[in-house]
2 protein chains.
Amino acid sequence: MQANIQLDDIDIGILTALSADSRRSYADVASEVGLSTAAVHERVRKMVERGVIERFSLRIDPQRLGLHFTAFVAIRNDGGIHCRDVAPRLREMPEVLELHSVAGEYDFIAKIRTTHARALEDVLYQIKAIPGVARTTSTVVLNTEFEDRPLRWWPRPPTPCAGG
Amino acid sequence: MQANIQLDDIDIGILTALSADSRRSYADVASEVGLSTAAVHERVRKMVERGVIERFSLRIDPQRLGLHFTAFVAIRNDGGIHCRDVAPRLREMPEVLELHSVAGEYDFIAKIRTTHARALEDVLYQIKAIPGVARTTSTVVLNTEFEDRPLRWWPRPPTPCAGG
DNA sequence: AATGAAAACCCCTAGCG
DNA sequence: CGCTAGGGGTTTTCATT
């Protein structure tokens, strides 16, 4: 749970470059950030080791996979003993892309992707069958403007109370 | 807007492998899916060309970047002439990771990530200053159970009305 | 923590079935 | 659409600073 102190501008440069194209050669990235290939390699290795880089991944167009339908589903638990079992069950469902526990009227927000609206019905049915789930509210996505953007900024360490 | 007909099991195997580690060598992937290196290379090239693969990317731990705070912000537009300008303005804001237009009480759902709660206030202030935005409702994320999971499944083409 | 060099490995194209 | 083959580039290691 450490902060970003350990990342300097060169690290951010490497992350930015690889975030846009993670198969770029280290030689290429090295010339961009002004380091040798070996140095970039070493920095990447360390960032993987320290968990800054979780994995090298792939952005796939969900439409071309046949996943035409997206919804955000808010989930409310009941007060029973099964509450802690809800998240693991949702994790097993491949249609649930993201799961966040949230403050407010609901306990979870799930981002769900299916082939079509009809398929969401099945997923909701499964979710409602999970012990501990009391009720769901779905918000249907009409159009995804953007998601999974490459890294373009990073937060500066918080300035120590300049304004009070 | 074509379907997934063109992707066979081998393509899915390649996507699954690269989704978990996009820097794996094609030679390595090839031995896994039972093809030659050149064949894997050619299939990847075509999937990039056809837009199935949008890009090779990187999953960075937001915590280690100092992004400790996540919220979903529902945005409602007013009925004015500026409605169509709202999405482009939100696109310019780096804290807005995702933007979906949705059906229901609100017009958009934005996924927003900042260093801390206080920084969300600034972002909301900016959003409310966009012409056309009428009102926002924020849902604070307490814990992200999972997000950006590697590909593990893909939808089978819909069975033609087996059940009616 | 970075460099340059060396060795192993991989990418990518070409030619062919 | 897939395979083999080969040159050229890249990754990865290591001694040095």
Side-chain angles (χ1 to χ4, degrees), chain A residues 1-61 63-66 150-151 154-157, chain B residues 2-61 63-66 150-151 154 156-157:
Chain A
M1 191 74 79
Q2 20 190 3
N4 55 337
I5 319 265
Q6 61 223 10
L7 294 174
D8 62 16
D9 288 359
I10 294 177
D11 287 321
I12 296 297
I14 293 169
L15 291 176
T16 303
L18 293 179
S19 174
D21 179 7
S22 64
R23 275 193 90 92
R24 271 182 77 178
S25 75
Y26 290 160
D28 201 7
V29 174
S31 72
E32 189 170 301
V33 301
L35 241 55
S36 70
T37 304
V40 169
H41 185 266
E42 176 66 6
R43 277 172 179 256
V44 169
R45 192 193 64 74
K46 279 184 185 159
M47 286 194 282
V48 170
E49 186 184 74
R50 295 188 313 203
V52 177
I53 295 174
E54 288 184 9
R55 67 191 171 95
F56 297 90
S57 66
L58 207 57
R59 165 68 190 170
I60 302 169
D61 183 350
Q63 303 280 341
R64 313 256 174 180
L65 271 189
L151 180 68
W154 74 103
R156 289 294 179 180
Chain B
Q2 15 190 7
N4 56 337
I5 319 266
Q6 60 222 10
L7 294 174
D8 62 16
D9 287 1
I10 294 178
D11 287 320
I12 296 297
I14 293 170
L15 290 177
T16 303
L18 292 179
S19 173
D21 179 6
S22 63
R23 275 193 87 94
R24 271 181 77 179
S25 75
Y26 291 160
D28 201 6
V29 175
S31 72
E32 188 170 301
V33 301
L35 242 54
S36 71
T37 304
V40 168
H41 187 266
E42 176 65 6
R43 278 171 178 257
V44 169
R45 193 192 64 73
K46 279 185 186 159
M47 287 194 281
V48 170
E49 186 183 74
R50 295 188 313 204
V52 176
I53 295 175
E54 289 183 10
R55 66 192 171 91
F56 297 90
S57 65
L58 207 58
R59 164 69 190 169
I60 302 169
D61 184 348
Q63 303 279 341
R64 312 257 174 180
L65 271 189
L151 180 69
W154 74 104
R156 289 294 181 181

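Quick note on labels: first sequence line is chain A, next is B, and so on, each numbered from 1.
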Subject >> Protein proximity profile, nucleotides 1-6 of chain C - base contact B, sugar-phosphate-only contact S, no contact -, cut-off 4.0 Å on heavy atoms >> reply: SSBB--
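- Side-chain contact annotation: S57(B) with S22(A), donor-acceptor N/O pair under 3.5 Å absent.
- The overall bend of the helix from dA1(C)-dT17(D) to dG17(C)-dC1(D), read as the angle between its terminal helix axes built from five base pairs each, is 30° when rounded to 10 degrees.
- The shortest distance between the side-chain N/O atoms of H41(B) and the OP1/OP2 oxygens of dC12(C) is below 4.0 Å.
- Between E42(B) and R45(B) a salt bridge is recorded (basic side-chain N to carboxylate O distance below 4.0 Å).
- Using a 4.0 Å cutoff on non-hydrogen atoms, the parts of residues 18-26 of chain B near DNA chain C are S25(B), Y26(B), ordered by number.
- Interatomic distance, L7(A) CG to L65(B) CG, rounded to the nearest 0.5 Å: 6.5 Å.
- From L58(B), atom CG reaches atom CD1 of I53(A) across 4.5 Å, with rounding to the nearest 0.5 Å.
- Scanning DNA chain D 5' to 3' for nucleotides with an atom closer than 4.0 angstrom to a non-hydrogen atom of chain B gives a first and last hit of dC1(D) to dT11(D).
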Strictly under 3.5 Å: I want the nitrogen or oxygen pairs between protein and nucleotides 15-17 of chain C, one per line.
none

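- Among residues at least two apart or in separate chains, salt bridge (Lys or Arg N to Asp or Glu O under 4.0 Å) pairs with a member in residues 51-61 of chain B are E54(A)-R59(B), R59(A)-E54(B), R59(B)-E147(B), R59(B)-D148(B), D61(B)-R64(B).
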**OP:** With side-chain contact (heavy atoms from CB on, under 4.5 Å) as the test, would you mind laying out the steps for V44(A) and F56(A) before giving the verdict?
**Re:** CA-CA 11 Å; V44(A) 169; F56(A) 297 90; 3.8 Å; yes
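- Residues passing the salt bridge (charged side-chain N to carboxylate O under 4.0 Å, His left out) test with E32(B) are R24(B), sequence neighbours excluded.
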**OP:** For V52(B) and D11(B), run side-chain contact (heavy atoms from CB on, under 4.5 Å): C-alpha distance rounded to whole Å, both residues' side-chain angles, the deciding distance at 0.1 Å, then the answer.
**Re:** CA-CA 10 Å; V52(B) 176; D11(B) 287 320; over 6 Å; no
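- Note that the CG atom of L151(B) and the CG atom of L18(B) stand 10.5 Å from one another [nearest 0.5 Å].
- The ring-ring contact (aromatic ring centres under 6.0 Å, His included) analysis of residues 12-46 of chain B, with sequence neighbours excluded, yields the pairs Y26(B)-H41(B).
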Subject >> Candidate pair M47(B) and I14(B), rule side-chain contact (heavy atoms from CB on, under 4.5 Å), full reasoning >> reply: CA-CA 10 Å; M47(B) 287 194 281; I14(B) 293 170; 4.0 Å; yes
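- Legend: side-chain hydrogen bond (donor to acceptor under 3.5 Å, both in side chains) pairs involving residues 12-21 of chain B, not counting sequence neighbours: none detected.
- Not counting sequence neighbours, the partners of A39(A) by the side chain to side chain contact (heavy atoms under 4.5 Å, CB included) test are L35(A), S36(A).
- Rounded to an integer number of Å, the gap from D28(B) CG to dC10(C) P is 8 Å.
- Contacts of R23(B) classified as salt bridge (charged side-chain N to carboxylate O under 4.0 Å, His left out), with partners at least two apart in sequence or in another chain: none.
- A27(A) is linked by a side chain to side chain contact (heavy atoms under 4.5 Å, CB included) to S25(A), T37(A), counting only residues two or more places apart in sequence or in another chain.
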